[in-house]
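Take a look at the structure set out below.
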Amino acid sequence: MRLAVYPGSFDPVTNGHIDTLQKTSKIFDKIIVAVVHNITKEALFTLDERVNLLKESTRHLENIEVECFNGLLADYLVEKRACAIIRGLRTVTDFDYEMHMALMNKKLLPNVDTIFVMSDTNYIFVSSSAIKEAALMGGDVSSLVPPVVDASLKEKLAQMQDIR
Ligand code: COA
């Protein structure tokens, strides 16, 4: 079975991520979306919330599973018997960071390759941080995220307004 892992912080999942999954779900038999706690990023959504948002947003794709993981990606790939890592590329600015990460993972796990998927031009400027910033200031991001994410961002905004 050709199993690939799509790792990331997904805080929250955007239509850019869903586009990547729609494309790669046709190539692999199964994809595990692995939600990672990235210590360098302050998260808006808990890991459980991010997993649930991803599950809701990928219901239309049969061969996708969502999990969270801690630790080294290479160890997780071995545990899952994955043959590939999926990563999205938006612009050339992503390339340097992604290349270093892909080469490190290749060194740790020579049998596993990173597969890069070019972002749809509609989502080239989209990042989870930009979505959060715009949404929490009342901006309309409904065309850039799945409906369930849009609703959850509105809930977070309402909670923040209640606290103030
Ligand atoms: N559409 C929209 N946004 C996209 C996108 C696309 N197609 N592709 C990437 N992005 C955005 C994400 O929204 C995210 O935005 P943000 O920075 O505003 O949150 C950003 O690009 C990239 O983040 P992400 O994909 O979540 O990766 P990351 O850099 O946070 O983490 C891991 C990368 C999780 C894969 C890496 O840290 C990891 O493997 N960690 C485990 C520990 C380990 O093994 N480390 C050694 C690795 S060599």
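From a predicted model like this one, the values you see are computed outputs, not experimental measurements. Note: hydrogens, waters and symmetry copies are ignored here, and every other heavy atom, side chains too, is used. Atoms within each ligand, like the ligands themselves, are counted from 1 in listed order.
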Verify the distance criterion only: is there a donor paired with an acceptor across the side chains of Asp140 and Ser142 at less than 3.5 Å?
yes

Would you call the rings of His17 and Phe10 parallel, tilted or perpendicular if under 30° counts as parallel and over 60° as perpendicular?
perpendicular

Just wondering, more than 12 heavy atoms not from His100 lying within 6.0 Å of its NE2?
no

Quick one about Thr93 and Thr91 (side-chain donor to acceptor, distance below 3.5 Å, no hydrogens or angles considered), yes or no?
yes

Can you pull every nitrogen or oxygen pair between ligand 1 and the protein closer than 3.5 angstrom?
unit_1   : atom_1 : unit_2 : atom_2 : d
ligand 1 : 3 (N)  : Val126 : O      : 3.1
ligand 1 : 13 (O) : His17  : NE2    : 3.4
ligand 1 : 13 (O) : Ser128 : N      : 3.1
ligand 1 : 13 (O) : Ser128 : OG     : 2.8
ligand 1 : 17 (O) : Lys41  : NZ     : 2.9
ligand 1 : 18 (O) : Ser129 : N      : 2.8
ligand 1 : 18 (O) : Ser129 : OG     : 2.3
ligand 1 : 19 (O) : Lys41  : NZ     : 3.1
ligand 1 : 21 (O) : Arg90  : NH2    : 3.0
ligand 1 : 23 (O) : Lys41  : NZ     : 3.1
ligand 1 : 25 (O) : Arg87  : NH1    : 3.1
ligand 1 : 25 (O) : Arg87  : NH2    : 3.3
ligand 1 : 26 (O) : Ser9   : N      : 2.7
ligand 1 : 26 (O) : Ser9   : OG     : 2.7
ligand 1 : 27 (O) : Arg87  : NH2    : 3.2
ligand 1 : 29 (O) : Tyr97  : OH     : 2.5
ligand 1 : 30 (O) : Ser9   : OG     : 3.0
ligand 1 : 30 (O) : Asn38  : ND2    : 2.9
ligand 1 : 30 (O) : Lys41  : NZ     : 2.8
ligand 1 : 44 (O) : Leu73  : N      : 2.8

Contacts of Leu103 that satisfy side chain to side chain contact (heavy atoms under 4.5 Å, CB included) - sequence neighbours left out:
Met99

Does the side chain of Asp48 pick up a donor-acceptor pair with the side chain of Thr46 at under 3.5 Å?
no

